[in-house]
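First up is the structure itself, then whatever we jot down about it.
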There are 2 protein chains.
Amino acid sequence: MLALVKSYGQYCGLARGLDLIGERWVLLIVRELLNGPRRYGELADGLPGIATNLLAERLRTMQANGLVERTDDDRYQLTALGQGLRDVVFAIGRWAYPLMGPISEGDAFRSQWIVHPVSALFPGVDPSRPELTIEVRCGGEPMTVRSAAGRVTVQEGQAAAPDLVLTGPPDVVIALLARRIDAPDAKARGLAVTGDARALRRLRPA
Amino acid sequence: MLALVKSYGQYCGLARGLDLIGERWVLLIVRELLNGPRRYGELADGLPGIATNLLAERLRTMQANGLVERTDDDRYQLTALGQGLRDVVFAIGRWAYPLMGPISEGDAFRSQWIVHPVSALFPGVDPSRPELTIEVRCGGEPMTVRSAAGRVTVQEGQAAAPDLVLTGPPDVVIALLARRIDAPDAKARGLAVTGDARALRRLRPA
DNA sequence: CTGCATCCGGGCCGATACTG
DNA sequence: CAGTATCGGCCCGGATGCAG
């Protein structure tokens with residue numbers, strides 16, 4: 001095996017982990033694959049800014065390191081080891097979230113990027129959560145947030161019969177779901193609401 | 001400010017976080033500083049393999065990004081934001097720990113690197129933990145693991161009157177503390193024990 | 001001696017062109 | 001669609017210099 005990646009050569013768990021995930025783009029590729037298996041072109045689209053040769057090389061290295069494998073239909077998916085990085089991705093996201101300002105002009109955005117922050121807002125199972133289906137439109141493909149049987153899931157695609165449709169910038173949508181702002185504030189910041197926004201209050205306690 | 005670091009330019013919490021901590025060596029510098037303020041030379045010693053110019057440049061960037069600040073006596077220490085990375089460092093360590101084999105010849109090691117894995121073994125407060133002081137010698141400066149008032153702490157330096165002294169390779173010491181192996185196995189793998197190793201059983205439930 | 005700065009060779013990154 | 005080939009430039013790593 002070619003150890004192309006420069007190892008830190010330190011007997012330390014953090015250093016060993018960074019030998020596998022410390023290179024540029026690796027954790028962002030993991031972010032995309034945490035939502036399920038993806039084709040090469042889908043990954044390239046979800047990683048604006050990556051060069052095609054780098055994506056190919058990273059996928060090869062991640063495969064050699066046991067993070068990624070190919071499916072029967074030639075898509076890429078995380079191995080069990082790769083799935084274990086969910087906690088790492090969420091830990092970094094939680095840490096970085098407070099220092100995210102409003103979205104700026106030069107920032108790229110993909111609608112699937114709201115899956116992790118929204119999932120983090122509604123962890124685990126809470127039977128007191130109401131049945132609720134929300135369609136979110138932040139640009140690109142619409143996303144569906146569904147609360148059912150106490151569990152909240154986020155999927156790509158529009159909802160069949162949403163109770164609520166939120167259309168606007170991603171930072172405003174997330175702030176509203178997190179109840180850091182209320183509906184009038186969100187509307188002042190560019191959000192359009194179809195349906196009864198008061199349903200959100202029962203989804204997440206203040 | 002000069003944004004020297006190449007940003008991913010993605011409106012995503014993970015990408016924003018990696019803009020600050022994704023560069024090589026940054027999280028390892030955080031690892032060192034999580035144990036308290038350090039001088040430049042101490043950092044260099046705790047980061048074998050780093051080039052001196054890189055350490056200086058990283059510290060400057062981390063200071064500009066609000067992760068690190070200087071103390072009155074010109075040492076480096078983490079800001080509140082930098083301290084928040086403890087969860088990230090631990091998440092990566094937990095993930096990577098299972099894929100660490102025994103220490104190999106080319107690996108560098110520093111005794112302070114056992115602080116995080118040992119701390120992770122004994123989280124929070126547990127009143128049922130016995131009062132116990134263990135001196136650990138894995139090479140370099142000895143370390144002291146102290147269980148007092150239900151809380152386990154790890155510090156540099158030897159203990160005044162340890163109940164137990166463990167001398168041997170770091171992987172064996174940690175495996176014994178984690179109770180993944182027992183005392184006879186540990187001795188077979190190069191560990192020397194002074195005192196009654198049975199005291200460890202009360203420190204951590206099987 | 002500590003705490004960096006400078007210099008240099010090689011490799012990685014990023015953009016583009018190209019191919020089955 | 002799914003990569004491979006190529007190339008300029010920047011970053012990394014190692015050695016050395018030097019000021020307080």
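Chain letters run A, B, ... following the sequence lines, proteins first, then strands; residues in each count from 1. In this text the structure is predicted, and so the values were computed from the model without any measurement.
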Tell me whether the OP1 or OP2 atom of [N] has a side-chain N or O from [X] closer than 4.0 Å.
X	N	result
B:Arg58	D:dC12	yes
B:Tyr76	C:dC4	yes
A:Trp25	C:dC13	no

Atom [atom1] of [X] to atom [atom2] of [N]: distance rounded to whole Å?
X	N	atom1	atom2	value
A:Leu43	D:dC1	CG	P	14 Å
A:Glu57	D:dT4	CD	P	10 Å
A:Leu54	C:dT16	CG	C1'	13 Å
A:Leu59	D:dA2	CG	P	12 Å
A:Arg24	D:dC10	CZ	P	15 Å
B:Arg38	C:dG3	CZ	P	13 Å
B:Leu55	C:dT2	CG	P	14 Å
B:Asp74	C:dG3	CG	P	8 Å

Can you see whether A:Tyr76 has A:Arg70 sitting over its ring - NZ or CZ less than 6.0 Å from the centre and within 45° of the normal?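 Geometry flag: set, cation within 6.0 Å and 45°.
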
With no hydrogens and no angle check, is any side-chain donor or acceptor of B:Arg38 less than 3.5 Å from a backbone partner on B:Leu43?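 No, the answer is negative, given that no donor and acceptor are paired below the 3.5 Å cut-off.
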
Which nucleotide in [options] has an atom nearest any side-chain atom of [X]:
X	options	result
B:Tyr40	C:dG3, D:dC12, D:dA15	C:dG3
A:Asn53	D:dG14, C:dC4, C:dG14	C:dG14
B:Arg70	C:dC7, D:dG3, C:dC4	C:dC4

With a 6.0 Å cut-off (strictly less than), is the heavy-atom count around CZ of A:Arg151, excluding the residue itself, greater than 12?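 No, the 6.0 Å shell around CZ holds no more than 12 heavy atoms from other groups.
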
Partner of A:Val136 by side-chain contact (heavy atoms from CB on, under 4.5 Å), out of A:Ile174, A:Thr144, A:Val118, A:Val173: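 When A:Ile174, A:Thr144, A:Val118, A:Val173 are each tested with A:Val136, the side-chain contact (heavy atoms from CB on, under 4.5 Å) holds only for A:Val173.
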
Tell me yes or no: between the side chains of B:Gln112 and B:Glu141, is some donor less than 3.5 Å from an acceptor?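 Side-chain D/A pair, B:Gln112 to B:Glu141: absent.
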
DNA chain D: 5'-proximal contact among A:Gly41 and A:Tyr8 (nearest heavy atom):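 This one resolves to A:Gly41.
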
If you look at every strand shown and take non-hydrogen atoms under 4.0 Å, does B:Arg75 touch a base, only sugar-phosphate, or nothing?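 Contact class for B:Arg75: none.
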
